[in-house]
Amino acid sequence: MNKSKKIILSFLLYFIAILLFTYFSKTVHFVDSHEYITSTKEFAGISNVNVFQTHSLTSQFIGAQILKLFPNMFTLKLITSIWLLFIGLLIYFYSKNEISLYLWMFSPIAWLVSIQVNPIVASAFFALLAYVLFKKYESSNLYAYFIISGLSAGIAILIYYSAFILIALFILCFMISKKFYIPLIYMGLIFIALVPELIINYIFFGNPLYSMIRYIGANYFVSANQFLQGQILHLYWLLVPIALTPLLYKIFKVDRKKYLQELIFLALCFLAFGIRGMDLKYLFIFVPILILLVSQKVSKKEFYISTIISLLVISGLTYGFFTSDFDQKIINDLDKIKKEYPS
């Protein structure tokens, strides 16, 4: 089998695996998922008992248009899963490296977030696209790459406010040595990409900054509470060496001179998202860029061992997705209430 057919078959099998994984998983409730689900349903015209919003509205507004066509919870979960496929495609076409693609396909954290209704996966795609296009701009000096990179960075924030931290660190690490107007223009492009969010907030709330203000306030409260209670170190940190990719240790063998900016950027991302995030999934947003680095010098033996470890970790992290009946009991109770108290 030639290389192109092998890659096409790999993507096909990966997509089928994602579909089956999403379809048969029973768990719906994750951190913040209820907020994204109820907001999306509200935009789709499906009434909710209580809508709570402290994040970007744009991703839910777009998701609602798809939900109108296919009104099913599977639809919302599948949207997240498909973005994983797009990230894999981007990783492969940029790196031209099979190992990079397969490390992504077997990344435990990717499977952990695969069924979660959360825009972090789509945001990670646009953050990766911003990085890839900026590197192409640096090597070719074509401003088209620079412009699309800036817009992609803005879209990453547009659909997931927490990406602001990642993009801010990206600008700091990759543009600190550029001429002063380069980061200013880049931030201007980011602002242009954020305009739809401002418009949606103005239409629905009369304040273009409504969701952003609520997001900042909620995060200030949560962060202050964390520090006051001493919740700076998190138990999930113990899983990081194998949950992102079992080959994470290869980051220490990367050419430090050539990839100094990437290494500083990833170190700061680990620090920022690791301290703030109280869940392993928050680290996901920079994992695609991490995969590009650690996959550069991987032997077949290391890859096979890594794959076996990944499968074991994936099984451990996602076992409850198929065995827990907590969410199903809630659904059954709601159906029972509807029958007993029809409106």
Rounded to the nearest 0.5 Å, the OG atom of Ser107 sits from the CD1 atom of Ile242 at a distance of 11.5 Å
TODO: Show your working on side chain to side chain contact (heavy atoms under 4.5 Å, CB included) between Val113 and Thr80 and close with a plain yes or no.
DONE: CA-CA 8 Å; Val113 303; Thr80 300; 5.6 Å; no
Sidechain-backbone polar pair: Ser81 side chain, Ser114 backbone, donor-acceptor under 3.5 Å: yes
Evaluate the criterion ring-ring contact (aromatic ring centres under 6.0 Å, His included) for residue pair Phe286 and Phe270; output intermediate values, then yes/no. CA-CA 9 Å; Phe286 59 85; Phe270 267 113; 4.9 Å; yes
Between Tyr202 and Leu57, is there shared hydrophobic-cluster membership here, with clusters defined by ILVMFWY side-chain heavy atoms closer than 4.5 Å? no
Notebook entry, point to check: Is a side-chain donor-acceptor pair under 3.5 Å present for Ser162 with Tyr282?
Noted result: no
Value for CD (Gln296) from NZ (Lys250), rounded to nearest 0.5 Å, stands at 10.5 Å
Query raised in the report: Ile308 and Leu248: same hydrophobic cluster, using ILVMFWY side-chain contacts below 4.5 Å?
Result: no
Kindly work out whether a path of hydrophobic side-chain contacts (I/L/V/M/F/W/Y, heavy atoms less than 4.5 Å apart) joins Tyr14 to Tyr23. yes
To the nearest 0.5 Å, atom CG of Leu129 lies from atom CG of Leu151 at 10.0 Å
State yes or no: are the ring centers of Trp83 and Phe126 separated by less than 6.0 Å? yes
side-chain hydrogen bond (donor to acceptor under 3.5 Å, both in side chains) filter on Ser95, not counting sequence neighbours, yields none
Sorted by chain and number, sequence neighbours left out, ring-ring contact (aromatic ring centres under 6.0 Å, His included) with Phe191 holds for none
Evaluate the ring planes of Tyr131 and Tyr94, with Trp represented by its six-membered ring, and classify them as parallel (under 30°), tilted (30 to 60°) or perpendicular (over 60°).
perpendicular
> Would you say the side-chain atoms of Ser149 pair up with the backbone N or O of Ala130, donor to acceptor, closer than 3.5 Å?
Replying inline: yes
ask   = Is the backbone of Ile159 close enough, under 3.5 Å, to the side chain of Ser123 for a donor and an acceptor to pair up by distance?
value = no
**Asked** What's the verdict on side chain to side chain contact (heavy atoms under 4.5 Å, CB included) for Phe21 and Phe321, showing C-alpha distance, side-chain angles and the deciding distance?
**Response** CA-CA 9 Å; Phe21 196 83; Phe321 294 177; 4.0 Å; yes
Between Phe170 and Phe134, is the ring centre distance below 6.0 Å?
yes
**Close side-chain approach of Ser211 to Tyr161, heavy-atom, < 4.5 Å** = yes
Q. Do Tyr137 and Phe146 make the cut of ring centroids closer than 6.0 angstrom?
A. yes
Sorted by chain and number, sequence neighbours left out, ring-ring contact (aromatic ring centres under 6.0 Å, His included) with Phe106 holds for none
Notebook entry, point to check: Quick one: does Tyr160's side chain get under 4.5 Å of Asn118's, heavy atoms only?
Noted result: yes
Discussion item. Side chains of Asn201 and Leu209, heavy atoms from C-beta outward: is any pair under 4.5 Å?
Written reply: no
Q: Report yes if the side chains of Leu19 and Phe15 come closer than 4.5 Å at any heavy-atom pair, otherwise no.
A: yes
All heavy atoms of Lys77 vs all of Ser25, minimum pair found to be NZ-OG, 3.0 Å
On a heavy-atom basis, the closest approach of Ile99 and Asn97 is N-OD1, 2.9 Å
* Does Leu312 belong to the same Ile/Leu/Val/Met/Phe/Trp/Tyr cluster as Leu112, with side-chain heavy atoms less than 4.5 Å apart forming each link? -> no
Are the side chains of Trp104 and Ser100 in touch, meaning some heavy atoms are under 4.5 Å apart?
no
**Prompt:** Does a side-chain heavy-atom distance below 4.5 Å link Val313 with Trp111?
**Reply:** no
Worksheet item: Donor-acceptor pair, Thr307 side chain versus Phe303 backbone, under 3.5 Å?
Response: yes
Could you check if a side-chain atom of Ile18 sits within less than 4.5 angstrom of a side-chain atom of Thr22, using non-hydrogen atoms only? yes
When rounded to the nearest 0.5 Å, the distance separating CG of Leu247 from CG of Leu293 is 13.0 Å
ask   = Salt bridge check: are Glu262 and Lys135 linked by an N-O gap of less than 4.0 Å?
value = yes
CD1 (Ile200) and OG (Ser56) are apart, to the nearest 0.5 Å, by 7.5 Å
In this structure, CG of Leu101 is separated from CD1 of Ile87 (nearest 0.5 Å) by 12.5 Å
Any link between Ile8 and Tyr92 through a network of hydrophobic side chains (Ile, Leu, Val, Met, Phe, Trp, Tyr) touching at under 4.5 Å? no
Does any N or O in the side chain of Lys96 come within less than 3.5 Å of the main-chain N or O of Phe93, such that one atom is a donor and the other an acceptor?
yes
Check this for me: Ile16, atom CD1, are more than 12 non-hydrogen atoms of other residues, nucleotides or ligands nearer than 6.0 Å?
yes
message: If we ignore hydrogens and angles and just use 3.5 Å, is the side chain of Glu302 paired with the main-chain N or O of Ser299 as donor and acceptor?
response: yes
Val254 vs Val294, test: side chain to side chain contact (heavy atoms under 4.5 Å, CB included). Steps then yes/no. CA-CA 7 Å; Val254 171; Val294 302; 5.5 Å; no
Next item on the list: Determine, using ring centers only, whether Phe284 and Phe273 are less than 6.0 Å apart.
Entry: no
Sidechain-backbone polar pair: Lys253 side chain, Lys297 backbone, donor-acceptor under 3.5 Å:
no
Given side chains that start at C-beta, do those of Ile82 and Phe86 come closer than 4.5 Å, heavy atoms only? yes
_Ile171 vs Ile190, test: side chain to side chain contact (heavy atoms under 4.5 Å, CB included). Steps then yes/no._
CA-CA 11 Å; Ile171 293 173; Ile190 290 173; 3.9 Å; yes
